[in-house]
Amino acid sequence: MSVRHEPVLLRETLAFLSPRAGLFLDATLGDGGHAEALLGADPRVRLLANDRDLDALAGARVRLERFGDRVMFAHGTFRDLPAAAAALGAERFAGALFDLGVSSRQIDVAARGMSYSQAGPLDLRMDASKGATLADRLAGTTETELAEVLRGFGDVGPARALAREILEAAREGALVDTRALAALVRRVLRDPRPAAAAPVFQALRIWVNDEMADLESALNWLPEAMADGGVVVTLSYHSGEDRRVKQSLRGAPVRGSRRLPAPAPTAAGAGPASASASPWEELTKKVVVPAETEQHRNPRARSARLRAFRRKPR
């Protein structure tokens, strides 16, 4: 049985979102911990609860059942959020949460293929109902592309060497499962610790699910989606994600670099403003990280970075 996911930086998240009468968005519902706390904080809160993981939605529906029609569920990526919001009408969001991590359930269930400590399929898809698996992606990629993924999304030093070894093992049929992949990573990195494979699995997951382009799509949409004074809270677990959030919401989005693949094209008329005319007021001048007590209680929260921005009046 999987362990229930503990919401990261829950107290801080609620403080910034300030639950009150209005429509809120949980763009990454997961196991529903943040959503449950948000709905429980004020009976006037209504919530659009979205996730691309059908298993997560099924579990969260049970957890949030007592809130009745105050919760509207949606299945999709961030790129599907405009349509999900439009289905509710013209009301803008009073607050929005984007928790960009994965849940304990996704990691602990070996069949999901996200664990580097258990044997599972080479999958890594957040939505197991569609899309290419990690095995599919490895079969169609090049050493150069894979090295860029490992370097850009995992900060892997010997990215080229690791990419070469991974692709060679895949061609030879040696990557039979995630445990074999993790063992190869530890060997190439010359680091026997089980957690040495974590950044590599993170990078591959971001790549398989096209998470960075998905995030940028949401960041481009948010200025129009938020009500005046509405607050966006993001929880990032990778420096690249955090950097994209910070720069985009400050009005100067990243447009590609040596270390990160170029962002997805911005829809006409939906792009963020220039740095001098950002639609956002930054509430976290310094990134918020979990206290030592939370990190000790929940080791998976250690890399979390919280940022909060308020929509300026139009």
Side-chain angles (χ1 to χ4, degrees), residues 5-42 44-53 56-57 59-60 63-64 67 70-82 84-85 88 91-103 106 126 211 214-227 229-238 241-242 244-246 248-249 280-284 287-290 294 298 300-301 303-311:
H5 178 64
E6 180 178 348
V8 174
L9 289 165
L10 179 60
R11 179 177 58 83
E12 294 84 350
T13 296
L14 291 179
F16 282 114
L17 290 177
S18 184
R20 59 199 182 281
L23 178 64
F24 286 73
L25 167 66
D26 188 339
T28 45
L29 179 61
D31 286 355
H34 285 106
E36 182 179 46
L38 186 60
L39 289 158
D42 191 308
R44 300 169 299 169
V45 167
R46 291 173 293 114
L47 184 70
L48 174 59
N50 177 78
D51 207 287
R52 66 193 299 173
D53 184 340
L57 282 170
R63 184 172 187 172
L64 304 178
F67 298 107
R70 291 169 56 199
V71 190
M72 290 72 69
F73 295 93
H75 172 232
T77 68
F78 295 161
R79 278 169 278 199
D80 299 315
L81 285 173
L88 301 181
E91 184 178 1
R92 291 188 169 105
F93 294 105
L97 171 63
F98 289 77
D99 184 346
L100 305 177
V102 293
S103 72
Q106 290 169 317
M126 301 290 284
E211 292 177 37
D214 206 39
L215 172 60
E216 287 175 352
S217 176
L219 294 174
N220 288 333
W221 166 71
L222 278 171
E224 280 305 309
M226 300 302 297
V231 172
V232 177
V233 171
T234 63
L235 293 169
S236 305
Y237 302 82
H238 172 254
E241 290 174 333
D242 182 56
R244 294 244 172 146
V245 168
K246 177 179 65 176
S248 181
L249 295 182
W280 305 103
E281 173 193 357
E282 191 172 359
L283 302 180
T284 48
V287 68
V288 178
V289 299
E294 180 173 357
N298 181 17
R300 288 176 178 166
S303 60
R305 303 170 174 90
L306 182 152
R307 294 189 186 275
F309 294 76
R310 178 185 290 123
R311 182 60 166 95

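Values reported hereafter were calculated over all heavy atoms of this structure, with side chains retained and with hydrogens, waters and symmetry mates removed.
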Self-check item: Chi angles and distances behind the salt bridge (charged side-chain N to carboxylate O under 4.0 Å, His left out) call for R310, E282
Solution: CA-CA 6 Å; R310 178 185 290 123; E282 191 172 359; over 6 Å; no

What's the spacing between [X] [atom1] and [Y] [atom2] if we round to 0.5 Å?
X: R92; Y: L222; atom1: CZ; atom2: CG; value: 12.0 Å
X: M226; Y: W280; atom1: CE; atom2: CH2; value: 5.5 Å
X: L88; Y: M72; atom1: CG; atom2: CE; value: 5.0 Å
X: L9; Y: L306; atom1: CG; atom2: CG; value: 5.5 Å
X: L97; Y: L25; atom1: CG; atom2: CG; value: 8.0 Å
X: F24; Y: L17; atom1: CZ; atom2: CG; value: 6.5 Å

Are any of the side-chain heavy atoms of [X] and [Y] separated by less than 4.5 Å?
X: F309; Y: V231; result: no
X: R63; Y: D31; result: yes
X: F16; Y: T284; result: yes

Self-check item: L38: which of D26, L47, T13 passes side-chain contact (heavy atoms from CB on, under 4.5 Å)
Solution: L47

Quiz item: Can we say R20 and D42 salt-bridge, meaning some charged N sits less than 4.0 Å from an Asp/Glu carboxylate O?
Solution: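 No salt bridge links R20 with D42.
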
Indicate the atoms forming the closest heavy-atom contact of [X] with [Y], along with that distance.
X: N50; Y: G76; value: ND2-O, 3.2 Å
X: T28; Y: D99; value: OG1-N, 2.7 Å
X: L29; Y: A35; value: CD1-CB, 3.6 Å
X: A49; Y: V71; value: CB-CG1, 4.0 Å
X: G101; Y: Y237; value: N-CE1, 3.2 Å
X: F93; Y: L48; value: CZ-CD2, 3.8 Å

Quiz item: With R70, which residues qualify under side chain to side chain donor-acceptor pair (under 3.5 Å), at least two apart?
Solution: none

Side-chain donor/acceptor of [X] to backbone N/O of [Y], under 3.5 Å:
X: S236; Y: H238; answer: no
X: N220; Y: S217; answer: no
X: D51; Y: G30; answer: yes
X: R46; Y: L39; answer: no

All side chain to side chain contact (heavy atoms under 4.5 Å, CB included) counterparts of [X], not counting sequence neighbours:
X: L10; answer: P7, L14, H34, A37
X: E211; answer: R52, M126, R205, I206, N209, E241
X: A301; answer: V8, P290, E294, N298

Self-check item: Under the salt bridge (Lys or Arg N to Asp or Glu O under 4.0 Å) test, residues paired with D53 that sit two or more places apart
Solution: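 Expected list: R105, R112.
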
Exercise. Under the ring pair (Phe, Tyr, Trp, His ring centres under 6.0 Å) rule, collect the residues that match up with F98, sequence neighbours excluded.
Key: F78

Practice problem: Please step through side chain to side chain contact (heavy atoms under 4.5 Å, CB included) for the pair V233 and R307, ending with a clear verdict. | Solution: CA-CA 6 Å; V233 171; R307 294 189 186 275; over 6 Å; no

